[in-house]
Amino acid sequence: MAIDTIDRRSGARRGLDVLRDPLLNKGTAFSEKERVAYGLRGLLPAHVLSQAEQSQRFLANLRKLSDPLDKFVALNSLHDRNESLFFRILCDHIDEMQPIVYTPVVGLACQKFGQIFQRPRGMFIGINDRGSIANVLRNWPHPAGIIVVTDGERILGLGDLGANGMGIPVGKLSLYTACAGIHPKLCLPITLDVGTNNDALRDDLNYVGLRQRRATGAEYDDFIEEFMLATQEVFPGALVQFEDFANHNAFRLLEKYRDRICSFNDDIQGTAAVALAGLFSALRITGAPLIEQKILFLGAGEAATGIADLIVSAMVANGLTREQALRQNWPVDSQGLVVKSRTNLADHKLTYAHEHPPASDFLAAIKMLNPTAIIGVSAVGGTFTQAVLEEMARINARPIVFALSNPTSQSECTAEQAYRWSGGRALFACGSPFDPVSLSGKTFVPRQGNNSYIFPGIGLGVLACGAKTITDDMFMSAAHALAQLVTESDLEQGSLYPALPRIREVSAAIAATVADNAYRRGSAIRPKPADTLRDVQSQMYDPHY
Ligand code: NAD
């Protein structure tokens, strides 16, 4: 950071004030000149380190830690001390850091949130703040551009963690900055604390949230309505990303707000785009057309519905009627195959409840339907059994197997199991990270179908052009853009996604696609630049000093 930059950003602030502001602090990397200018002489040891040296030192200490939660805490503390260094390390070592700041370790961090809590980050807005939410939001010191909000009711595959779910918006926004260069000042994590129905948590001494059962019905809806309107009053045009809401709220909140406020639900729409991109990559290997795919989902929640909806749109774009496309997608939930004859199906399952005899379990459904692809989004570990994988390999030359559930313990199968039980023929993607697998002389490199390939680029694109709404079309073009960046050598080693270190290139490409889409539809506030990609790239924050 040049001295004039820090001068502008720090205003009149000096001394410890500068050292204690994570957006300004460079610690031992302040130069002699800066130490004089900002009243830091005597407050720091004499030797001046470069950012690269600070990074090396931090990494050496981090790698000595064996417990993943300790690593999370160490990174979190750095985030609280020195944001530039934190993001420099995230950007340079995204493969190693993403699993710590986000899934799977963030799940553990949410479960232990009260125990490891040191400093607040983001905003906690409680049901008791009704009537004054806009005023509460005004306490935030920066002009938020992207808000990630959860009510903590369905954190990853871990259930209701109440206000402890805050780890998720914080982690997601770290990825917005690391993966797409959204300036940290524009990022606002929010937890809406409406209580928790998790009895153990309410009785836990360390629990940070309101000790009451969840608000529901009109009380909940009025609270969300006030919150959504307040975000736009205080931060006009800010993008609101819904995160880890339970099914019964997620689908209807998305429908209620998507055309009124620039908003999306990553669990539904971001997941859909990343899964569709993986499918596009798999089809580059098999050579089969998308419209001939029959997809069986294990799970019928937000991820399954979102993915199926986007696949249907893509199939319709490729020539099927909507009716035909719907019948290529089949969800299985805890009661078996979702079919029309079942009673009491939740609303979001009805679209995919086809006329068909029931199947009591997943293997039986595979035998009846002969799918080309299975997608696990059930949050139940070990459900892609040996029998399931062997059956998929029996009916397909190259079975498509996506085990997307998180955290790792909930993964439907491991990468090793997918390759071994399919005789090395599975086209595999995972939700949790797995190491490369060697089998019969070949090394497979499974890659995570992680939403972080998609949502940061969507956010960057929206901010860059000032999009007023986010459409399904944008997610479809994001999926195409992502799949196009998968190289032939990626495919040869079984990787259906680009290498994660290319993530900023990926995000810029997605952002340009998304922005161009908004310019075309006339729903962008800003005028179209001559070169959208360059314009987007020029807006990316670079965490070098
Ligand atoms: P969700 O709670 O909305 O849906 C889970 C679904 O699984 C529900 O329909 C439930 O009925 C069903 N289910 C539960 N037990 C089952 C069983 N024994 N057999 C079959 N179905 C069962 O959750 P979601 O948002 O859809 O997420 C599901 C999982 O996918 C989570 O683990 C989540 O972390 C993961 N996920 C991964 C990615 C990714 O890798 N990119 C993205 C989103 C979600």
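When a ligand or atom number is given, it counts from 1 through the structure's own listing order. All values below were derived from every heavy atom in this structure, side-chain atoms included, with hydrogens, water molecules and symmetry-related copies excluded.
- Within the 6.0 Å centre-distance limit, the rings of Phe242 and Phe245 are counted as a close aromatic pair.
- Near Val380, meaning under 4.0 Å from any of its heavy atoms, are these atoms of ligand 1: 15 (N), 16 (C), 17 (C), 18 (N).
- Of all the atoms in ligand 1, the ones that sit under 4.0 Å from a non-hydrogen atom of Thr271 are 42 (C), 43 (C).
- More than 12 heavy-atom neighbours from other residues, nucleotides or ligands sit within 6.0 angstrom of NZ on Lys294.
- For Phe428 and Phe402, the distance between ring centers is not under 6.0 angstrom.
- Among Thr305, Asp309, Asn329, the one residue that satisfies the side chain to side chain donor-acceptor pair (under 3.5 Å) test with Tyr352 is Asp309.
- For atom 14 (C) of ligand 1, the nearest protein heavy atom (residue, atom name, distance) is Ser378 O, 3.7 Å.
- Close approach of ligand 1 to Ala379 (heavy-atom distance below 4.0 Å) involves ligand atoms 29 (C), 31 (C), 32 (O).
- If you number the atoms of ligand 1 from 1 as listed, the ones under 4.0 Å from a heavy atom of Gly431 come out as 40 (O).
- With respect to the salt-bridge test (charged N to carboxylate O, under 4.0 angstrom), the residues Asp333 and Arg342 qualify.
- Atoms of ligand 1 found under 4.0 Å from any heavy atom of Gly449 (numbered from 1 in listed order, with element): 39 (C), 40 (O), 41 (N).
- Per-residue contacts place Gly299 under 4.0 angstrom from the following atoms of ligand 1 (heavy atoms of the residue considered): 6 (C), 7 (O), 12 (C), 21 (N).
- Contact annotation: Arg154 has at least one heavy atom less than 4.0 Å from an atom of ligand 1.
- Counting non-hydrogen atoms of neighbouring residues, nucleotides and ligands closer than 6.0 angstrom, the CZ atom of Arg252 exceeds 12 such neighbours.
- When only non-hydrogen protein atoms are considered, atom 22 (C) of ligand 1 lies nearest to Ser334 N, 3.6 Å.
- Every atom of ligand 1 is numbered from 1 in the order shown, and the set under 4.0 Å from a heavy atom of Ser405 is 29 (C), 30 (O), 32 (O), 35 (C).
- The Val332 neighbourhood of ligand 1 comprises atoms 20 (C), 21 (N), with distances under 4.0 Å to a heavy atom of that residue.
- Ring centers of Phe362 and Phe384: under 6.0 Å apart, within the cut-off.
- The nearest protein heavy atom to atom 10 (C) of ligand 1 is not closer than 4.0 Å.
- Nearest protein heavy-atom neighbour of atom 3 (O) of ligand 1: Asn247 ND2, 2.5 Å.
- We find the OG1-CZ distance between Thr196 and Arg213 to be 8.5 Å, quoted to the nearest 0.5 Å.
- Using a 4.0 Å cut-off between charged nitrogen and carboxylate oxygen, Glu255 and Arg260 do not count as a salt-bridge pair.
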